[in-house]
Amino acid sequence: MSYSFNEKRIVLTGASSGIGEALACQLAAEGARLVLAARTVDKLEQVAQRCKEAGTAALAVPTDVSQEDQCNELVSIAVDQLGGLDGIILNAGISMWARFDEVTDSSIFRQLMAVNYFGALYCLRAALPHLKETRGRIAAMSSAAGKTGAPLHSGYAASKHALTGLLESLRTELVGSGIRITLLYPEFVRTGIRLHGFQGDGSHPASDPFDDSAGMSAEETARIALRAIRKGKREELFIPLMKIGNLARPFIPGVIDSIARKKVGLA
Ligand SMILES: NC(=O)c1ccc[n+]([C@@H]2O[C@H](COP(=O)([O-])OP(=O)(O)OC[C@H]3O[C@@H](n4cnc5c(N)ncnc54)[C@H](OP(=O)(O)O)[C@@H]3O)[C@@H](O)[C@H]2O)c1
């Protein structure tokens, strides 16, 4: 029988905007019971309200995933409120847009790891015992930058590669547990991520440094992500170019590097 999110008890991080918001709305439409996490309380509450209007339970739990105690509290509230946990989607993330050799504030590398890697790790550690009980699902929002080198994204790519290493390793330990782990690798998606991301001096850009009009919508990204999680796929590469590039990289690594450079406007 095919997997359905109906009545599934799911924790979703990074639910206040972008892909996370789209995931929350689509999960709600499918009848999932949601605990939603992010830092921006009013936006998170608005997303929870939209989910409730779709007829499902949705609780907003303000959380900074870079803080381990807050991740523990998030999962504890979810288990108390929902009576258990069937899945977790580790989607919270921040990005950057700067050459490595032009970064003047090296703290951005720590902050990227704190949210994209440790934020996922802390939530996962807290949720895992509960997911073992239900043979649940784990999904993590990586990025094309988690598969290959990504110019102007060195710290971001490092954090997403770390996330892949963590979850690919965990999967090998969980053989026989019934838990499925899905790694999601979108390419450019039309969200505010670059506006919330770091420049080399640690500030945020006043305007989007990238024309992402050719990127995928958050809604389409969420649809593809949920289909992959439903199927229990090990990974999802969101666009044909990534699928081809992934196969071709061992044979033509230089070509793949120059495609990555062109994507962000470097010669
Ligand atoms: N957009 C793209 O091109 C793209 C491509 C590939 C992968 N991704 C990945 O997709 C995921 C979602 O990004 P998006 O594009 O939807 O960007 P977004 O609109 O900026 O959303 C990021 C989400 O993460 C949350 N977040 C950030 N820092 C957090 C923290 N410390 N604690 C808790 N939540 C935090 C944000 O909420 P608050 O600010 O309210 O905390 C927001 O809900 C990220 O993991 C990103 O790396 C994005």
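Each residue takes its place number in the sequence, starting with 1. Counting starts at 1 for both ligands and their atoms, following the listed order.
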Between the side chains of Asp208 and Arg194, is the shortest nitrogen-to-carboxylate-oxygen separation below 4.0 Å, so that they form an ion pair? yes
So that I can tick it off, tell me whether Lys263 and Glu187 are bridged by a salt bridge, with the cut-off set at under 4.0 angstrom between side-chain N and carboxylate O. yes
Nearest protein heavy-atom contact for atom 17 (O) of ligand 1: which residue, which atom, what distance? Ile193 CB, 3.4 Å
Using every non-hydrogen atom in the two residues, find where Leu34 and Ala24 come nearest and quote the distance to one decimal. CD1-O, 3.5 Å
Taking N or O atoms only and a 3.5 Å limit, does Gly14 qualify as a polar contact for ligand 1? yes
Ligand 1 versus Ala114, non-hydrogen atoms closer than 4.0 Å: side chain, backbone, both, neither? neither
Closest protein heavy atom to atom 44 (C) of ligand 1, given as residue, atom name and distance to 0.1 Å: Asn91 O, 3.2 Å
Could you tell me, atom by atom, which parts of ligand 1 come under 4.0 Å of a heavy atom of Gly18? 16 (O), 19 (O)
Decide whether an N or O pair under 3.5 Å exists between Gly20 and ligand 1. no
Test log, rule salt bridge (Lys or Arg N to Asp or Glu O under 4.0 Å), inputs Lys231 and Glu236: CA-CA 11 Å; Lys231 287 182 177 171; Glu236 181 67 47; over 6 Å; no
Please state which protein non-hydrogen atom is closest to atom 7 (C) of ligand 1 and give its distance, to 0.1 Å? Ser142 O, 3.1 Å
If you measure from each non-hydrogen atom of Thr63 to ligand 1, which part falls under 4.0 Å: side chain, backbone, both or neither? backbone
Residues Arg39, Asp64: salt bridge by 4.0 Å N-O rule: no
For atom 29 (C) of ligand 1, tell me which residue out of Arg190, Gln111, Arg39 has the closest non-hydrogen atom. Arg39
Counting non-hydrogen protein atoms only, what is the nearest one to atom 18 (P) of ligand 1? Give residue, atom name and distance. Ser17 OG, 3.5 Å
Ligand 1 atoms in contact with Arg194 (distance to a heavy atom under 4.0 Å): 3 (O)
Considering only protein heavy atoms, which is closest to atom 1 (N) of ligand 1, and at what distance to one decimal place? Thr191 OG1, 3.0 Å
Among side-chain atoms of Ser107 and Gln111, is any donor-acceptor pair under 3.5 angstrom? yes
May I ask you to list the atoms of ligand 1 that are less than 4.0 angstrom from any heavy atom of Tyr156? 6 (C), 7 (C), 8 (N), 9 (C), 46 (C), 47 (O)
Of the protein's non-hydrogen atoms, which lies at the shortest distance from atom 32 (N) of ligand 1, and what is that distance? Val65 N, 2.9 Å
Hey, which atoms in ligand 1 end up nearer than 4.0 Å to a heavy atom of Ala15? 43 (O)
Contacts under 3.5 angstrom, residues 113-124 side chains, donor-acceptor by atom type, not counting sequence neighbours:
| from | atom 1 | to | atom 2 | distance (Å) |
| --- | --- | --- | --- | --- |
| Asn116 | OD1 | Ile94 | N | 2.9 |
| Asn116 | ND2 | Ile94 | O | 2.9 |
| Asn116 | ND2 | Ser159 | OG | 3.1 |

Once you restrict to heavy atoms under 4.0 Å, what part of Ile19 touches ligand 1? Side chain, backbone, both or neither. both
Under 3.5 Å, side chain of Thr63 to main-chain N/O of Val65, donor-acceptor pair present? no
So that I can tick it off, tell me whether Arg50 and Glu45 are bridged by a salt bridge, with the cut-off set at under 4.0 angstrom between side-chain N and carboxylate O. no
Please determine if Phe188 has a nitrogen or oxygen closer than 3.5 Å to a nitrogen or oxygen of ligand 1. no
Which is it for Glu187 and ligand 1 at heavy atoms under 4.0 Å: side chain, backbone, both or neither? backbone
If you count the atoms of ligand 1 from 1 in the order shown, which ones are under 4.0 Å from a heavy atom of Met141? 9 (C), 10 (O), 11 (C), 45 (O)
for atom 26 (N) of ligand 1, nearest protein heavy atom and its distance come out as Ala92 CB, 4.0 Å
Just which atoms of ligand 1 are under 4.0 Å from any heavy atom in Asp64? 30 (C), 31 (N), 32 (N)
Got an N/O contact under 3.5 Å between Ser143 and ligand 1? no
If only side-chain N and O atoms count, and only distance matters, is there a donor-acceptor pair under 3.5 Å linking Ser203 with Asp201? yes
Out of curiosity, is Pro186 lining ligand 1, as in a heavy atom under 4.0 Å away? yes
Using modelled atom types only, decide if a donor and an acceptor are shared between the side chain of Thr182 and the backbone of Lys233 within a distance under 3.5 Å. yes
Which is it for Val115 and ligand 1 at heavy atoms under 4.0 Å: side chain, backbone, both or neither? side chain
Close approach, Lys43 and ligand 1, non-hydrogen under 4.0 angstrom: no
Ligand 1 atoms in contact with Ser16 (distance to a heavy atom under 4.0 Å): 36 (C), 37 (O), 38 (P), 40 (O), 42 (C), 43 (O)
Phe198 and Trp97: aromatic ring centres closer than 6.0 Å? no
Could you tell me, atom by atom, which parts of ligand 1 come under 4.0 Å of a heavy atom of Gly93? 22 (C), 24 (O), 27 (C), 44 (C), 45 (O)
Could you check atom 20 (O) of ligand 1 against the protein and tell me its nearest heavy-atom contact, residue, atom and distance included? His196 ND1, 2.7 Å
Under 6.0 Å between ring centres: does that hold for Phe210 and Phe188? yes
What about Val255 and Val264, same hydrophobic cluster or not, with Ile/Leu/Val/Met/Phe/Trp/Tyr joined at side-chain heavy-atom distances under 4.5 Å? no
Decide if atom OH of Tyr3 counts as having more than 12 heavy atoms of other residues, nucleotides or ligands within a radius under 6.0 Å. yes
I'd like to know if Glu30 pairs up with Lys8 as an ion pair, taking the criterion as any Lys NZ or Arg NE/NH1/NH2 lying under 4.0 Å from an Asp or Glu carboxylate oxygen. no
